[in-house]
*Asks:* 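There's a structure below that I have some questions on.
Since this is a predicted model, take the numbers as computed values, not measurements. Atoms considered below: every heavy atom in the structure, side chains included; atoms not considered: hydrogens, waters and symmetry mates. Counting starts at 1 for both ligands and their atoms, following the listed order.
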Amino acid sequence: MADGDGDDELAMEMEALSYTYPEIEIEVFEPSNSACTEAGPAAAAAVRIDLRPRAARQAFVAAALRLTAPRGYPAASPPIIELREPRGLGDAREAALLARLAAEARDLIGSPCLGQLIELCQDLLSDANAPEGPCAICLSVMEPGPDDPEESSNRDGCTVAAPPALARLPCYHTFHTPCFERWWAFEQASCAAQQRELAARTGATAAAALAQAARPNPPS
Ligand SMILES: [Zn+2]
Ligand SMILES: [Zn+2]
């Protein structure tokens, strides 16, 4: 296949991706621009898309998938696969997810596969949609509730106690909601107590004490 055909094929794949995923970011590199790869063959194009689990009531994992098509893709080289800003996955699940994507990319060598890799990544994130590890406050397991709230209230005609709700913070750290609320209330209360003690002992407010601490040390 001539180079020109490969470029046309890549352009068509990018067009199809931008149609299917309106939010996808696409970069197409000129053949002369080799500044875009750190190692290996020069990149022809790269895409990046933010992915979350499908149809989940609560997302405990998320990641941005970046796929770089090197020159020679798809006939000779698979895309380079990276997860950017993986959230809530932990190292082991992130590595497993990348390994699955890499295996799929190797199987699909010879045909345009970026869309299939995006779909697979989203499937894998959906399967992995549970908090990483136990609740760091009470150290017991965290069970995501069912996506359908009806499901937990009535099983075989008897009422089953629903597992405690989960609080996922913006950083994707997750705790049992009651554990987090107790800890938060305790922190707020102890902070207020410390502020009162500080004021009683020194007459200073916390803000003034912090400003004092931030000042450079006087020369000795
Ligand atoms: Zn807990
Ligand atoms: Zn956090």
*Asks:* Verify the distance criterion only: is there a donor paired with an acceptor across the side chains of Q58 and R168 at less than 3.5 Å?
*Replies:*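 The answer is no; no qualifying pair exists.
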*Asks:* May I have the angle between C135 SG and C179 SG with its vertex at the Zn ion (ligand 1), rounded to 10°?
*Replies:* 120°
*Asks:* Using 30° and 60° as the class boundaries, would you call the ring planes of F175 and H173 parallel, tilted or perpendicular?
*Replies:* tilted
*Asks:* Specify which N/O/S atom of H176 comes nearest to the Zn ion (ligand 1), by atom name.
*Replies:*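 Checking each N, O and S atom of H176, the shortest distance to the Zn ion (ligand 1) belongs to ND1.
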*Asks:* Are more than 12 heavy atoms from other residues, nucleotides or ligands located less than 6.0 Å from atom CZ of R48?
*Replies:* yes
*Asks:* One thing to verify: whether R66 and E27 come together as a salt bridge, which I'm taking to mean a side-chain N less than 4.0 angstrom from a carboxylate O.
*Replies:* yes
*Asks:* Between the Zn ion (ligand 2) and H173, which N, O or S atom of the residue is the nearest one?
*Replies:* ND1
